[in-house]
Every structure is written in C-alpha cells, then in structure tokens.
Amino acid sequence: MASLKDIRDAFKTTLETAIPFIHVYDTVPDAAGIFPCVVVMPTSADFDVAFGRGTDTWEFDLLVMASYNDPDIAQDQVDELISGAGDNSVRQAIFQNRSLGLSNVDAHISTAFNYGSTFSEGGIPHIGATLHAIVHTRGYE
C-alpha cells in the first residue's frame, strides 16, 4: 500500500523527471516561489472501493501555475502543461508512468478545469489551471 506521503512524493519525482523545467510542490506551500510549478493537493479518499480493503482511491488537484509577467508566455506554458499530450504535458507524463514509480499504484489525470485562474502571491501575478488526478492503490500490505 502506498501512503498519502508516498503518492505525493511520487508525483513530484515523476513530474520533475519527465518535465525538468517545472518545480513540483508535493505539499501545499505557504507561497509558491518557483514557476512554472505544480502544487499537489489531496482532495478526497475513498476507502470503500473494494471489500476487505482491496483498493483505496485518492483524488488530487494538481494546480498548474505560471508567472503572469508576460501573459502570452504564461498562457503558452499553462497550455503545454495541461494539454493531453506532448513533451511538457503533465497528463502524458502520468500516463507514461501510471505507477508513479510505486508498486500497486495506478494513476491518471481525469479532467482539467479552472483554466485562466489568476491570482497574486507575494505581489507576483500568476495564471493557472487545475488538473484532477485519480490514484488507485492497494488498501492493505
């Protein structure tokens, strides 16, 4: 069984290996300071997927952000990262390593939403989108 910490760490390793120019925060930071980035945020868990603790399902929002100093470059970066395929696609990186490097794990990106979300952190404007990830893991060891 992969723990929540294991899965968050595995997202970081998988994505930073596949897309070297992004920084992945495997825990929610007080302030994200390196862009473009992905913040891994657990949103829910279902422990009743199979009888006898056969499967646990974790859901995550992956907040994809780019610095909005140059809106054209920022939107291009977000577009590449949330696209379904391509060298810089988070979805493709997960698809090509569905186990996230862990045993008994199967992960995939199910949806993208909140495209164009803008906010400011530390006086720096950002733009982003959210990818929703679903991770199934064996519920017992």
Side-chain angles (χ1 to χ4, degrees), residues 1-122 124-141:
M1 175 181 106
S3 71
L4 179 57
K5 179 189 180 315
D6 294 338
I7 296 168
R8 287 191 329 231
D9 291 347
F11 270 118
K12 179 178 177 64
T13 300
T14 298
L15 294 175
E16 287 183 348
T17 299
I19 310 168
F21 70 87
I22 65 168
H23 181 77
V24 178
Y25 293 92
D26 56 347
T27 58
V28 180
D30 288 339
I34 303 170
F35 297 94
C37 69
V38 174
V39 179
V40 178
M41 300 181 297
T43 58
S44 67
D46 184 349
F47 302 120
D48 289 330
V49 177
F51 294 109
R53 289 195 35 102
T55 302
D56 291 347
T57 299
W58 288 95
E59 296 192 25
F60 295 84
D61 282 347
L62 305 180
L63 179 58
V64 177
M65 297 185 286
S67 174
Y68 205 52
N69 288 335
D70 183 327
D72 291 334
I73 292 172
Q75 286 187 26
D76 288 347
Q77 283 182 334
V78 171
D79 289 353
E80 281 187 90
L81 291 167
I82 69 164
S83 290
D87 291 341
N88 298 324
S89 164
V90 169
R91 182 173 181 248
Q92 182 168 312
I94 300 300
F95 180 77
Q96 291 178 333
N97 188 1
R98 292 182 65 109
S99 72
L100 302 175
L102 301 170
S103 62
N104 300 307
V105 167
D106 182 66
H108 71 278
I109 302 296
S110 63
T111 57
F113 58 99
N114 289 338
Y115 182 88
S117 299
T118 57
F119 45 95
S120 181
E121 194 170 286
I124 300 170
H126 309 355
I127 186 169
T130 304
L131 295 172
H132 189 72
I134 299 173
V135 179
H136 301 286
T137 184
R138 188 175 69 198
Y140 61 89
E141 292 240 30

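Keep in mind that the numbers below use all heavy atoms, side chains included, and drop hydrogens, waters and symmetry copies.
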Should [X] and [Y] count as side-chain neighbours, where that means a heavy-atom distance under 4.5 Å?
| X | Y | value |
| --- | --- | --- |
| I22 | V38 | yes |
| M65 | I127 | no |
| S117 | T130 | no |
| F60 | L4 | yes |

(message) Before you tell me yes or no, could you show the steps for T57 and F47 under side-chain contact (heavy atoms from CB on, under 4.5 Å), namely the whole-Å CA-CA distance, both residues' side-chain angles and the distance that decides it to 0.1 Å?
(response) CA-CA 7 Å; T57 299; F47 302 120; over 6 Å; no

(message) One pair to check against side-chain contact (heavy atoms from CB on, under 4.5 Å): D46 and S44. What are the steps and the verdict?
(response) CA-CA 7 Å; D46 184 349; S44 67; over 6 Å; no

Contact summary for [X] and [Y], nearest pair of heavy atoms:
| X | Y | value |
| --- | --- | --- |
| H132 | D61 | ND1-OD1, 2.9 Å |
| H126 | F35 | NE2-CZ, 2.8 Å |
| S89 | S83 | OG-O, 2.5 Å |
| R8 | P42 | CD-CG, 4.0 Å |
| A2 | V105 | CB-CG2, 3.7 Å |
| L102 | D6 | CD1-O, 3.8 Å |

What distance separates [X] [atom1] from [Y] [atom2], expressed to the nearest 0.5 Å?
| X | Y | atom1 | atom2 | result |
| --- | --- | --- | --- | --- |
| R138 | D56 | CZ | CG | 11.0 Å |
| N97 | Q92 | CG | CD | 12.0 Å |
| E59 | H136 | CD | NE2 | 8.5 Å |
| D87 | F21 | CG | CZ | 10.0 Å |

(request) Return the set of residues passing side-chain contact (heavy atoms from CB on, under 4.5 Å) with A107 (not counting sequence neighbours), or none when no residue passes. (result)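 Scan of A107 (side-chain contact (heavy atoms from CB on, under 4.5 Å), adjacent residues dropped) gives I94, L100, V135.
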
(request) Return yes if some donor-acceptor pair links the side-chain N/O of T13 with the main-chain N/O of A10 below 3.5 Å, else return no. (result) no

(request) Give the ring-plane orientation class for Y25 versus H23, where under 30° counts as parallel, over 60° as perpendicular and anything between as tilted. (result)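 Rings of Y25 and H23: perpendicular, over 60°.
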
(message) With side-chain hydrogen bond (donor to acceptor under 3.5 Å, both in side chains) as the rule and sequence neighbours excluded, what pairs involving residues 101-110 come up?
(response)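 Listed by first then second residue: R98-D106.
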
(message) For R91, is the CZ atom crowded, meaning more than 12 foreign heavy atoms sit under 6.0 Å from it?
(response) no

(message) Counting neighbours of CZ on F95 that are heavy atoms of other residues, nucleotides or ligands and sit closer than 6.0 Å, is the number greater than 12?
(response)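 No, the 6.0 Å shell around CZ holds no more than 12 heavy atoms from other groups.
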
(message) I need the single residue from V40, V24, L81 that forms a side-chain contact (heavy atoms from CB on, under 4.5 Å) with L62. Which is it?
(response)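 Only one of V40, V24, L81 forms a side-chain contact (heavy atoms from CB on, under 4.5 Å) with L62, namely V40.
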
(message) Suppose we screen for salt bridge (charged side-chain N to carboxylate O under 4.0 Å, His left out). Which residues come up paired with D26, at least two apart in sequence or across chains?
(response) none

(message) Determine whether V39 and V28 satisfy the following criterion, side-chain contact (heavy atoms from CB on, under 4.5 Å), listing intermediate values before the conclusion.
(response) CA-CA 6 Å; V39 179; V28 180; 4.2 Å; yes

